[in-house]
Amino acid sequence: MPTGRLLHIEVAFALPCRQRLISLEVEPHTTAAEAVERANLPGLFPEVPDAIFRQPAIGIFGKALRAPHSYRLRDGDRVEVYRPLVIDPKAARQARAQRQRDR
């Protein structure tokens, strides 16, 4: 990849009621974690505690990254910032099943 060529990427974050897709141009050596920092999500989502954006779970096109600080972005990547789960999925399934049984 030639030096000086910028990559076109997107950073995505969503709440239940709204979402943002931020388009960025970054240098080829930029990591997924650095792209999240550059997207200024705390400024775009002031209602979300800053702690959620400090070390968020990050993925690329729906695939979670184990090491977002070392993943080098590729042109066209969509970096996704995941919110912490409010309820454990297993507990939610159990609650739904119990409601079905109670009907």
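Everything numeric in this text was worked out from a predicted model, so none of it was measured.
For residues 30-49, the ring pair (Phe, Tyr, Trp, His ring centres under 6.0 Å) pairs, not counting sequence neighbours, are Phe13-Phe45. Sorted by first then second residue, the ring pair (Phe, Tyr, Trp, His ring centres under 6.0 Å) pairs that include residues 79-103, not counting sequence neighbours, number zero. Screening residues 7-23 for side-chain hydrogen bond (donor to acceptor under 3.5 Å, both in side chains), with sequence neighbours left out, gives His8-Glu25, Arg18-Glu47.
Of all the heavy atoms in Pro28 and Leu7, the pair that sits closest is CA-CD1, 3.6 Å. Of all the heavy atoms in Thr31 and Pro68, the pair that sits closest is CB-O, 3.6 Å.
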Scan the side chains in residues 51-67 for donor-acceptor partners under 3.5 Å anywhere in the protein, sequence neighbours excluded, and list what turns up.
none

Which donor-acceptor pairs under 3.5 Å do the side chains of residues 89-100 make with protein atoms, sequence neighbours left out?
| unit_1 | atom_1 | unit_2 | atom_2 | d |
| --- | --- | --- | --- | --- |
| Gln98 | OE1 | Arg101 | NH2 | 2.8 |
| Gln98 | NE2 | Asp102 | OD1 | 2.9 |

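Counting heavy atoms from C-beta outward, Val26 and Glu34 have side chains that stay 4.5 Å or more apart. Looking at heavy atoms from C-beta onward, Arg83 lies out of side-chain contact with Val81 at the 4.5 angstrom threshold.
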**Message:** Walk me through whether Arg38 and Val11 qualify under side chain to side chain contact (heavy atoms under 4.5 Å, CB included).
**Reply:** CA-CA 9 Å; Arg38 291 182 190 175; Val11 176; over 6 Å; no
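Taking CG of Asp77 as the reference point, atom CG of Leu24 lies at 12.0 Å (rounded to 0.5 Å).
Listed by chain and residue number, nothing satisfies the salt bridge (Lys or Arg N to Asp or Glu O under 4.0 Å) test with Glu37 (two or more places apart in sequence, or in another chain). The salt bridge (Lys or Arg N to Asp or Glu O under 4.0 Å) search around Arg72 returns none, not counting sequence neighbours.
Using a 4.5 Å cut-off between side-chain heavy atoms of Ile, Leu, Val, Met, Phe, Trp and Tyr, with links allowed through other members, Leu44 and Ile9 fall into the same hydrophobic cluster.
With respect to Leu41, the side-chain contact (heavy atoms from CB on, under 4.5 Å) criterion is satisfied by exactly one of Val36, Val48, Asp50: Val36.
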